[in-house]
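Quick notes on the structure that follows.
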Amino acid sequence: MRKILVVGAGQSGLQIALGLQAQGYEVTLMSNRTADEIRSGRVMSTQCMFDTALQHERDIKANFWESQAPRIEGLGVSVAGPDSSRVIDWVGKLDGYAQSVDQRVKMAGWMETFAQRGGQLVIHGAAVSDLDYFSRAYDLVLVSAGKGELVSMFERDASRSPFTEPQRALSVAYVHGLGPRPEHPEFDAVRCNLVPGVGELFVMPTLTTSGRADILFWEGIPGGPLDVFQGVKDPSEHLALTLELLEKFLPWEYARATKVELTDAGGTLAGRYAPTVRKPVGRLPGGGAVLGVADVVVANDPITGQGSNSASKCAASYISSIVEHGDKPFDEAWMQSAFDRYWDTAQWVTKWTNAMLGAPPEHVLNILGAAGQLQPVADRFANGFNDPSDFENFFYDPEKAAAYLDSVAAGS
């Protein structure tokens, strides 16, 4: 039986651990926190997982919260004008529903399941020196802890990383009491609100530790009016700032947020990081090699909501690569090939995300505007969040965009 060590208990690490465990591998999982510490701690992320990523969870029988989490059936875009009116406003319908489960709920539950199914769970923060020792005891070591010392083992891939600085200041509040969007009270949707030159607000229904909730997620251009959360430690002050900015820039979202309250004292988060692609093989001082997973090797800005989706797709891809490799050694050449297979899908996420961080060119504004009149355009854009490779066909090139919009208009 092949022995695998997974370091880091996030979406991808736990999904790999559970998936390989189900295939009969002897898996050890290292986490720097217990399940109870995760469950009672601070929120770790925003997340909205679309159909493909959700299916990967179903495939390993780990979709425990599917009946409880809100079914997200649409994705809407609003663009604010200079006077804070809505100049663009529409919602596209998803072919398969999306869902969001607070990672405190999911990671704690998955970790307990892994242990109950007989997995070896080690609660211990890992340093590079630890991995040096472990790499000799395991057939393969996977590093899925996306922050801290371990990431420094993986060299930045400058050819795939155009940014050296954070492109957004991030701020999250989990709330109860948000009203429905009056345009579609009968179904849930992720709402993307764009404030040109200022930033973005994303609103997504979620399941948290205390039941149904909504996430208010500001992405502010650094140095701009939304970049005010650094150093705010008091959760109530964080929420007050969030709402103040809503009232100023997005009054239609503020109108349904007047009665919100935080889900819990750990329901806020703020930070920033530079989007970075790294080389997948980490080399240890003793000569061993480890394979980087998910945002250790491909960390995109969350502006396109792809983090948990990419983590899920990375896990599924790596599981396939491991199982198909049989009893052969997991050498550096295999590690590179496993990453290359994942990059076949990840590259489209990185390209789209980096494009969305810039000021939208005229042809993209044309697409977003046309989606308000042409429902097939709205639906196609919404479903691009599930399969970002489709944007290659109509989103980046002005001529392709114009041809696409002409064809839809002619058929309507």
Side-chain angles (χ1 to χ4, degrees), residues 46 48 70 72-92 100 168-206 212-230 232 234-263 267-270 302-305 356-357 359-360 364-373 378 381-382 385:
T46 61
C48 180
I72 297 168
E73 295 178 21
L75 184 135
V77 172
S78 305
V79 180
D83 60 351
S84 296
S85 65
R86 277 180 281 187
V87 294
I88 291 173
D89 189 69
W90 50 261
V91 62
S100 169
R168 292 291 188 275
L170 314 173
S171 153
V172 175
Y174 278 55
V175 297
H176 289 310
L178 186 73
R181 273 287 284 250
E183 302 91 340
H184 50 84
E186 73 284 4
F187 68 89
D188 278 315
V190 173
R191 299 297 317 203
C192 311
N193 299 275
L194 314 181
V195 186
V198 175
E200 301 81 26
L201 173 87
F202 300 90
V203 185
M204 58 197 84
T206 193
R212 154 82 197 227
D214 288 273
I215 301 170
L216 303 175
F217 173 36
W218 276 116
E219 287 230 348
I221 292 173
L226 303 179
D227 187 3
V228 290
F229 290 90
Q230 224 169 355
V232 176
D234 179 3
S236 58
E237 186 186 342
H238 184 113
L239 179 60
L241 262 177
T242 299
L243 296 174
E244 195 180 299
L245 293 165
L246 267 182
E247 187 175 20
K248 180 175 182 182
F249 291 106
L250 301 167
W252 61 89
E253 291 290 17
Y254 179 73
R256 63 182 180 131
T258 53
K259 294 179 180 166
V260 300
E261 53 189 38
L262 289 174
T263 54
T268 61
L269 183 69
I303 192 168
T304 53
M356 291 298 285
L357 288 167
V364 168
L365 291 174
N366 291 342
I367 292 168
L368 295 178
Q373 281 73 50
F381 186 87
F385 282 74

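- Pairing each heavy atom of Val87 with each of Gly81, the nearest pair is CG1-CA, 3.8 Å.
- Distance check, rounded to the nearest 0.5 Å: CG of Leu368 to CG of Leu194 gives 7.0 Å.
- Scanning both residues, Leu243 and Tyr254, for their nearest heavy atoms gives O-CD1, 3.5 Å.
- Between the side chain of Asn193 and the backbone N or O of Leu201 there is at least one donor-acceptor pair closer than 3.5 Å.
- In summary, of the residues considered (Arg86, Glu253, Arg191), a side chain to side chain donor-acceptor pair (under 3.5 Å) with Ser78 occurs for Arg191 alone.
- In this structure, the separation between OG on Ser236 and CD on Glu261 is 12.0 Å, given to the nearest 0.5 Å.
- Remark: Leu241 CG to Leu246 CG distance equals 11.0 Å, nearest 0.5 Å.
- Within 6.0 Å of CD in Glu183 there are more than 12 heavy atoms belonging to other residues, nucleotides or ligands.
- Side-chain contact of Trp252 with Asp89: a donor-acceptor pair under 3.5 Å is absent, judged by distance alone.
- Classified by interplanar angle (parallel below 30°, tilted 30° to 60°, perpendicular above 60°), the ring pair Phe381/Trp90 is perpendicular.
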Phe385 and Val190: side-chain contact (heavy atoms from CB on, under 4.5 Å), yes or no, with the steps?
CA-CA 11 Å; Phe385 282 74; Val190 173; over 6 Å; no
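- Between the side chain of Ser84 and the backbone N or O of Lys248 there is at least one donor-acceptor pair closer than 3.5 Å.
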Would Ile215 and Phe202 satisfy side-chain contact (heavy atoms from CB on, under 4.5 Å), going step by step from the backbone distance to the final call?
CA-CA 8 Å; Ile215 301 170; Phe202 300 90; over 6 Å; no
Asp214 vs Arg256, salt bridge (charged side-chain N to carboxylate O under 4.0 Å, His left out): CA-CA, chis, key distance, verdict:
CA-CA 12 Å; Asp214 288 273; Arg256 63 182 180 131; 5.4 Å; no
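- Between Ile72 and Pro205, the shortest heavy-atom distance links the atoms CD1-O, 3.6 Å.
- Using a 4.5 Å heavy-atom cutoff, the side chains of Val260 and His176 are not in contact.
- For the pair Thr206 (side chain) and Ala213 (backbone), a donor-acceptor distance under 3.5 Å is absent.
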Decide side-chain contact (heavy atoms from CB on, under 4.5 Å) for Phe229 and Thr268; before the verdict, give the C-alpha distance in whole Å, the side-chain angles of both, and the deciding distance to 0.1 Å.
CA-CA 10 Å; Phe229 290 90; Thr268 61; over 6 Å; no
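- Leu269 CG to Thr46 OG1: the interatomic distance, rounded to the nearest 0.5 Å, is 8.5 Å.
- Checked by atom type and distance alone, the side chain of Glu219 pairs as donor or acceptor with a backbone atom of Ile303 at under 3.5 Å.
- Note: Leu170 CG to Gln230 CD = 10.5 Å, rounded to the nearest 0.5 Å.
- Considering every non-hydrogen atom in both Ser171 and Thr242, the closest pair reads OG-OG1, 4.3 Å.
- Minimum interatomic distance between Val232 and Val228 (heavy atoms only, all atoms of both residues): CG2-O, 3.7 Å.
- Scanning all heavy atoms of the two residues, the minimum distance from Glu200 to Trp218 falls at O-CE3, 3.3 Å.
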